Structures are given as C-alpha cells and as structure tokens.
Amino acid sequence: MNYTRADYEQAAAVIRERLTVPVTVGLVLGSGLGPLADTVTEPLVISYDDLPGWPRSTVLGHAGRLVIGRLGNCGVIAQQGRAHFYEGYTQQQVGFAVRVMHLLGIRTLIVTNAAGGINTAYQVGDLMMLNDHINFVGMAGHNPLIGANNADFGDRFVSMTQTYDRDLRQIAAAVAAQAGITLHEGVYACVAGPNFETPAEIRLLRMVGADTVGMSTAHEVIVARQVGMQVLAVSSITNLAVDQIDSNLETTHREVLDGGAQIVPRMTTLLQGVLEKISC
Ligand code: HPA
C-alpha cells in the first residue's frame with residue numbers, strides 16, 4: 001500500500017484539533033519502556049484506534065496510544081507502542097507515525113528500543129546511545145523509502161552519514177555523566193525478527209561491528225532523516241545476546257520486557273535531562 005499525503009494529513013488533523021500545547025519533540029517508546037510516558041505532565045491520551053491509517057500495536061508490552069503533553073521543557077508526543085516490520089506491517093506503515101509527527105511540527109525525534117547486548121563490555125540494565133546503525137533489513141531490500149517518492153517529505157536519496165545528531169549525543173552524554181548513569185555509545189544492528197538470533201548470527205554481528213541488536217528503530221530513523229528531523233536514539237540493554245550454542249541462557253520476550261521495565265527510571269532521568277537542555 002502506498003500512502004498519499006492526504007493519508008498522513010488525515011491522522012495529523014485528528015491529533016492537531018486536540019492539541020493544547022505546541023509539540024516539537026517526538027518520543028518513540030520501545031518494549032517495556034511505555035511507562036516512561038507516565039512522566040509526561042498534563043497528558044492528553046489518544047488511542048491508535050482513533051487515528052485513521054495508524055498501524056495498531058499487536059505486541060505485548062506496547063500499549064498502542066499517544067501520550068501528548070510536557071516533558072522537561074518541551075511539548076512532546078510520545079508513542080506508547082510502535083509498529084514493527086515483523087508484525088506484518090509494510091516498511092511504509094512502520095514509518096507512518098514519523099511522517100504524521102513531521103506534519104504536526106516535530107523537529108526532534110527521540111527513539112528508544114529494547115536491544116540485546118552484543119558488546120561484551122555491556123551489562124543488562126545499561127543504556128547505549130546509537131552513534132550509527134547497520135540496517136540489515138534495509139540492505140536486504142526492505143526500506144520505507146522504496147516506491148514512488150513523495151517529495152513533500154524530502155529527497156529520495158537520503159544521506160545517512162550524520163544520522164544520530166552530534167549535539168544531542170553530546171547533551172545526552174553530559175546528562176548521563178551528571179546523573180551517574182552508564183551510557184555507552186555504539187552501533188545498533190537492525191534485524192527483522194521476530195525470532196531472536198542464533199549464536200552464530202550474534203558472532204557475525206559482533207564481527208561486523210554491532211554493539212546491540214534489535215528489531216526496530218532504523219526504519220523510523222530513515223523516515224525521520226528524510227524530513228530533516230534531528231534524531232537521538234537509545235537502546236536499553238534488556239538481555240545479553242547468547243553467542244555460544246552450549247550456553248544454558250535463552251533470550252525470551254519476558255526477559256526483554258522485565259529488563260525494559262527495570263531501565264525505565266534511568267531512561268526517564270536521561271531523557272528528561274536532555275529535554276531540559278535542548279531548545280524546543
Ligand atoms: N535480539 C533482537 N531484538 C531484541 C533483543 C535481542 O536479543 N533484545 C531485545 N530486542
């Protein structure tokens with residue numbers, strides 16, 4: 001399915017008519033991180049069911065609603081639950097929300113995800129800020145920008161050199177250091193899922209320079225970069241990726257959700273701190 005500008009406009013119109021504050025920051029909350037939206041003040045909640053064209057969340061741990069209000073100094077739209085490629089949504093559907101946010105005036109996108117730790121220096125409960133990604137799904141031919149280019153949203157050929165904004169990364173690093181939060185910086189490998197990786201796949205990902213692995217983020221970030229949003233993305237390390245076939249460890253969705261829940265207070269401190277420091 002190819003969305004037209006009118007499809008994005010329709011969803012944006014439903015949100016716009018209920019807005020009471022200007023919004024400039026979009027927040028995508030990954031698995032287990034939904035409760036972060038509880039810290040949004042003066043919240044206005046809109047279910048995805050009420051938004052035409054908006055993909056529903058079908059995954060446990062993704063509430064499926066927008067929470068709109070203030071966080072730090074900024075007016076934010078927080079997505080409690082996102083659409084994943086593995087749910088059967090097209091790449092365009094996965095990127096739908098980002099284009100709607102663009103039409104609503106969002107200029108900064110903060111994307112969170114749950115991820116498996118590949119870098120052996122990482123521990124469960126740590127945070128990793130993305131400074132780059134490897135989009136295996138995109139490299140395999142599934143990219144949200146494939147199809148007729150809608151020039152309203154930017155050029156077809158999008159530069160991905162400065163994908164994760166340097167200033168935002170510096171601000172996040174300073175906030176983390178001040179709050180005593182471990183914040184690594186590294187490369188996120190985006191895979192399709194929904195199965196977790198085999199040990200051989202984890203060793204491969206490590207060899208090519210990935211520090212974390214997950215099933216989201218890159219698609220949304222590509223759409224955000226096309227419209228010129230500044231992007232900050234943070235992985236919560238919910239589990240350590242298993243790299244040996246004789247390991248007794250297994251990665252499960254329960255582990256991912258529990259790991260995410262445990263990280264919420266630190267992720268909240270980090271993002272609130274960032275939103276107090278940026279001009280929005
Ligand atoms: N692999 C892929 N996606 C994930 C993981 C993982 O280990 N943990 C959380 N999301």
Side-chain angles (χ1 to χ4, degrees), residues 27-36 57-64 79-89 91 94 110-130 132-140 142 164 182-222 233-267 270:
L27 199 54
V28 184
L29 301 174
S31 294
L33 298 169
L36 206 153
S57 296
T58 66
V59 188
L60 183 67
H62 288 258
Q79 272 187 66
Q80 236 178 1
R82 56 146 63 89
H84 301 86
F85 189 47
Y86 65 72
E87 292 172 81
Y89 290 121
Q91 287 284 314
V94 172
I110 301 181
V111 188
T112 65
N113 58 55
I118 293 178
N119 186 317
T120 53
Y122 294 0
Q123 317 242 339
V124 170
D126 288 351
L127 298 174
M128 186 201 84
M129 172 161 69
L130 279 65
D132 208 345
H133 72 226
I134 306 172
N135 181 9
F136 285 96
V137 184
M139 291 168 80
H142 302 285
Y164 298 96
T182 303
L183 180 65
H184 305 290
E185 192 166 327
V187 176
Y188 173 87
C190 173
V191 296
N195 62 283
F196 292 111
E197 301 69 41
T198 66
E201 287 167 346
I202 292 301
R203 296 195 302 275
L204 169 81
L205 293 176
R206 183 177 292 140
M207 228 183 300
V208 297
D211 298 294
T212 58
V213 57
M215 306 171 192
S216 66
T217 301
H219 327 296
E220 293 142 319
V221 168
I222 290 167
V234 185
S235 286
S236 65
I237 315 292
T238 54
N239 57 285
L240 296 182
V242 179
D243 62 3
Q244 297 297 325
I245 51 170
D246 55 4
S247 167
N248 292 324
L249 300 173
E250 292 272 8
T251 301
T252 63
H253 188 52
R254 177 51 38 213
E255 184 185 13
V256 169
L257 291 180
D258 291 347
Q262 180 205 329
I263 290 167
V264 166
R266 262 163 296 146
M267 187 72 96
L270 176 69

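Start at 1 and go down the list; that is how both ligands and their atoms are numbered. Worth saying up front: this structure is predicted, and the values here are computed from it rather than measured.
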Is there a polar contact between ligand 1 and Ala114, counting only N or O atoms under 3.5 Å apart?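 Min N/O separation from ligand 1 is below 3.5 Å for Ala114.
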Contacts of type side chain to side chain contact (heavy atoms under 4.5 Å, CB included), residue Pro265, not counting sequence neighbours: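 Side chain to side chain contact (heavy atoms under 4.5 Å, CB included) list for Pro265, sorted by chain: empty.
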Residue [X] vicinity, atoms of ligand 1 by number, heavy atom under 4.0 Å:
{"X": "Asn239", "value": "5 (C), 6 (C), 7 (O), 8 (N), 9 (C)"}
{"X": "Ala115", "value": "5 (C), 8 (N), 9 (C), 10 (N)"}
{"X": "Met215", "value": "2 (C), 3 (N)"}
{"X": "Glu197", "value": "1 (N), 2 (C), 6 (C), 7 (O)"}
{"X": "Thr238", "value": "8 (N), 9 (C)"}

Residues His219 and Gln91: side-chain donor-acceptor under 3.5 angstrom: yes
Polar side chain donor-acceptor pair, Asn113 to Ser235, under 3.5 angstrom: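 Side chains of Asn113 and Ser235: pair found under 3.5 Å.
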Would you call the rings of Tyr122 and His184 parallel, tilted or perpendicular if under 30° counts as parallel and over 60° as perpendicular? parallel
Among all the protein's non-hydrogen atoms, which is closest to atom 4 (C) of ligand 1, and how far away is it?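 Here the nearest protein heavy atom works out to Val213 O, 3.7 Å.
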Under the salt bridge (Lys or Arg N to Asp or Glu O under 4.0 Å) test, which residues partner Asp126, sequence neighbours left out? none
Tell me which one of Thr112, Leu29, Val111 satisfies side-chain contact (heavy atoms from CB on, under 4.5 Å) with Arg82. Val111
Shortest heavy-atom approach to atom 5 (C) of ligand 1 - which of Gly116, Gly30, Gly214: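 Among Gly116, Gly30, Gly214, the closest heavy atom to atom 5 (C) of ligand 1 belongs to Gly116.
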